[in-house]
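Sequence lines set the chain letters: A, B, ... in the order given, protein chains first and strands last, and positions in each chain run from 1. Since we're looking at a predicted model, the values are computed, not measured.
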Amino acid sequence: MKYDFAAIEKKWQTYWDEHKTYAATNGGDKPKFFGLIEFPYPSGDGLHVGHPRPYTAIDIVARKRRMQGYNVLYPIGYDAFGLPTERYAIQHHMRPELVTKRNVARFTEQLKMLGYSFDWDRCIVTTDPDYYKWTQWIFLQMFKKGLAYKTSIPVNWCTDCKIVLANEEVVNGVCERCGGPVIKKEKSQWMLGITKYAQRLLDDLDDLDYIERVKTQQRNWIGRSTGAEVDFVTSAGDKLKVFTTRCDTLFGVTYMVMSPEHALLADWMKRGLIQNMEAVKEYQAAAARKSDFERTELESKEKTGVKLEGVRAVNPVTGDEIPIFLSDYVLATYGTGAIMAVPGHDQRDWDFAKAFDLPIIEVVQGGNVEECAFTDCATGVLVNSGFLNGLQVEEAKATMIRWLEEKGIGSEKVNFKLRDWVFSRQRYWGEPIPIIHCDKCGWVPMDEKDLPLMLPDVESYEPTDNGESPLAAIRDWVECTCPRCGGPAEHETDTMPNWAGSSWYFLRYMDPLNDKALVGEDAVKYWNQVDWYNGGMEHTTLHLLYSRFWHKFLYDIGVVPTKEPYAKRTSHGMILGQNPHNFANLPAEEQAALVAEYGDEKGARKHLRERYGEMADQQIVKMSKSLGNVVNPDDVVKAFGADTLRTYIMFLGDFEKAAPWQDDAVKGCKRFLDRVWNLCEVKREGDALSAANEKEIHKTISKVSSDIEEMKFNTAIAALMGLVNKFYQNEPSRGDVKVLLALLSPFAPHLCDELWEQQGFEGLCCTSQWPEHDESKTVDAEKTLAVQVNGKLRGTVTVAAGCTQETALEAAKLDKKVAGYLNGAEIVKIIFVKDKLINIIIKPGK
RNA sequence: GCCGGUGUGGCGGAACGGCAGACGCACGGGACUUAAAAUCCCGAGAUGGCAACAUCGUGUGGGUUCGAAACCCACCACCGGCACCA
């Protein structure tokens, strides 16, 4: 019989579905395992081959755990709010609910086709009112604790999407989604106080089993730095506060710089202290006009600024009067929005001082401050610094902080790069923010019993040009009564960003139908936290950090028992595609035609570069619709089956690294499964392991078991291929193929369940017991030692395992080639590594 | 500029400091077949040699070591993240 993968896969998918083979139970004696992948955004394009990589990986882990006797929760859902759906709905005059429903159905069909062991009964969709009710509920709790607040801030405004973007959605100064220009615009926005959790988000990373690059990226993003805040008295009679990490250089401060948006400026203007109002106002306006794109585009980073005429400051350690400047190299949103400038020891200050011809004082010896700023803290010694002279930088910092504290003009201070989270979106397709505005009472939270606050069911909700949410135009929905005073009031019309629903979704999987709480107490106590979460690196500073923040908040209000949501985090590499415009990737005929037309290969390549740009030189590129190199999993499943796709996608390279999809290589995995089929299709005899294969089987069990834990799926599959090759040499017993099927089952579950049944084994392969290996049976009786002479390999000898140096040396001497080298030479030294190698060091004879 | 990562056959990729190239793709040879496909078996880093064998080989240049793809120093290239964060 032929390996009819289409029929087999359908048969087993139906069986698993009907028997709820992969359903998890909340409770029981078994140890629990909660494996998680990032739930997809159900886009209109359907599944992409990038999706199955992480899904298959954690599916393999989940299946192995199940076979090891764990109660496994491996859930799936959809993160369905978001712009692409809204855009599609507007374009096609459809309601976004319907677009979402259709896309979810399509994704579900595709995911089921791949044979994942998801517990489909726990499937959730973030746009479902029963779900977003709880997203809104969490927001209300944050509002009550003062973590959600509304404030007017300069926001990133995409001029194309007409929407406020989070800092994270602005990439290289342009909109991440549409590539449109982004400018700063002052707007009243809901904010979440993630910065209040900055220290905890940083500290708690230490104890987590996250891959190191994730931790590093989060630490950098949080960006903690320690220094001091120092007050500078101004001629206006007030204090200008600055943050510095180098308070040791206070004697080198020759001027100060404020950001153009600094609050004190308005006050000074009002009091008529600024003599050059025109110039100052003009500079402020110019800074506001500058888009992020322009700011980052300025490769040269040339410093601009304007001196404040009429207000000066006093250096608190020297008593000198110093000028104050405005410049956009000082950010309003970091520190205090103003700095003390030390041109001798900060490159940016140095550049500015050179541009404005300001004095540069050397206060740390070791460099040449005429040429550039000297910023090395490790070696320098303080000079020109009064009571700090002669001290090392670190000592000087400590001394200065003590001095500042004594005088009451400064203190130690920690600052973070992390900013509060802009949580408002002027969109229809998001969770409505459950807050009501009353002219009398201000912002009033909705009553919890009135949740969910549903989106209005309307035909049209085109985005507005003025930046208001489309909801603002739907007056029936906006108008309401104030829950506090009963007077007329209005619903908030902004909606939440798409990061909201994904910040807590894993909790809902524990208890998806609960209508009393976002998760029941027993359920969350049982599942505790996610044991293993795999997702993309692109979510490290967004989703991953946001959900850690929400979880900590839920911990603080007693909803969850753990401080952290995910015990372990791993990350997969992207699947890349072939570049259709690269010469090497063209079909032979096209290559020949191009060569004929342009003289030679060089000419052909040059032509391609002129036509498609620099990227024509790259053989491997990201998959993209515009390049037409996207591989659709449906096609692969149709041609080779889901088991082949699963196996290939795990085999194609190191899981953590990017790897190119190669159409030609898929059939290698199909061939492998065919070979398994051919072996196991015939009835095998003998339940014991065959003598000829026993050792290899034990080795393979050990290798596959540990490789799965380390996410080395490619070498696990290679080991299984090796075992199958062995079985072609030595006829396997029924017991042999039983182990093979069990080990292969997480990778190719349909095939293995089918063959399991054909061999007449009990139950299902996918719920059978994971094989255990016997270490003592993996050891070889004989070992082949490498024989080196003076470190160069000259031959091999086969000896009994564990043999001594003497025996090995005798054996080595018998080797003809080795003997040739040893002939007449004096043996000076022997390096012997048991069961591995013997290295004979000789002095050449005469 | 800063932080992180990666450089190994024609290709994807393997290798606790100990026989580099497992496993697979593509390739070559053989068996089966009227033939092809499929399948099965065998071969294969490069150079030289009929061969045994020798030399060279893990981005480049040094170093440590009996022994380095792996460790150290310097550099080059590519990928990802951050980017005037005081």
Pairs: protein N or O with nucleotides 70-73 of chain B N or O, under 3.5 Å:
none

Note to self: Reading 5' to 3' and counting Watson-Crick or G-U wobble pairs with both distances under 3.5 Å, write the dot-bracket notation for RNA chain B, | for bases paired outside the strand.
What the structure shows: (((((((..(((.....[....))).(((((.......))))).((((....))))..(((((..]....))))))))))))....
Next item on the list: If a protein heavy atom is under 4.0 Å from the base, mark B; if only from the sugar-phosphate, S; if neither, -; do that for nucleotides 37-44 of chain B going 5' to 3'.
Entry: --SSS---
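- Of the candidate nucleotides B:rG18, B:rC82, B:rG24, B:rG24 has the atom lying nearest to any side-chain atom of A:Phe651.
- Every residue two or more places apart in sequence or in another chain that forms a salt bridge (Lys or Arg N to Asp or Glu O under 4.0 Å) with A:Arg609 is listed here: A:Asp617.
- Listed by chain and residue number, A:Thr804 satisfy the side-chain hydrogen bond (donor to acceptor under 3.5 Å, both in side chains) test with A:Thr807 (two or more places apart in sequence, or in another chain).
- Scored by the side chain to side chain contact (heavy atoms under 4.5 Å, CB included) test, A:His572 finds A:Pro54, A:Asn534, A:Phe655 as partners (sequence neighbours excluded).
- Contacts between residues 705-718 of chain A and RNA chain B, defined by a heavy-atom separation under 4.0 Å, are made by A:Lys712, A:Asn714, A:Thr715, A:Ala718.
- Taking A:Asp346 as the reference, A:Arg348 meet the salt bridge (Lys or Arg N to Asp or Glu O under 4.0 Å) condition, with sequence neighbours excluded.
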Identify the pairs formed between an N or O of the protein and an N or O of nucleotides 46-57 of chain B at a distance under 3.5 Å, and give each distance.
unit_1 : atom_1 : unit_2   : atom_2 : d
B:rA54 : OP1    : A:Tyr821 : OH     : 3.0
B:rA54 : OP2    : A:Lys817 : NZ     : 3.4
B:rU55 : OP2    : A:Arg794 : NH1    : 3.4

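- Qualifying side-chain hydrogen bond (donor to acceptor under 3.5 Å, both in side chains) partners for A:Asp206, counting only residues two or more places apart in sequence or in other chains: A:Arg219.
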What's touching nucleotides 1-5 of chain B from the protein side, N or O pairs under 3.5 Å?
unit_1 : atom_1 : unit_2   : atom_2 : d
B:rC3  : O2'    : A:Asn220 : ND2    : 3.3

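- The base of B:rG81 lies outside donor-acceptor range of the side chain of A:Glu538, with no N or O pair under 3.5 Å.
- Not counting sequence neighbours, the partners of A:Arg569 by the side-chain hydrogen bond (donor to acceptor under 3.5 Å, both in side chains) test are A:Glu38.
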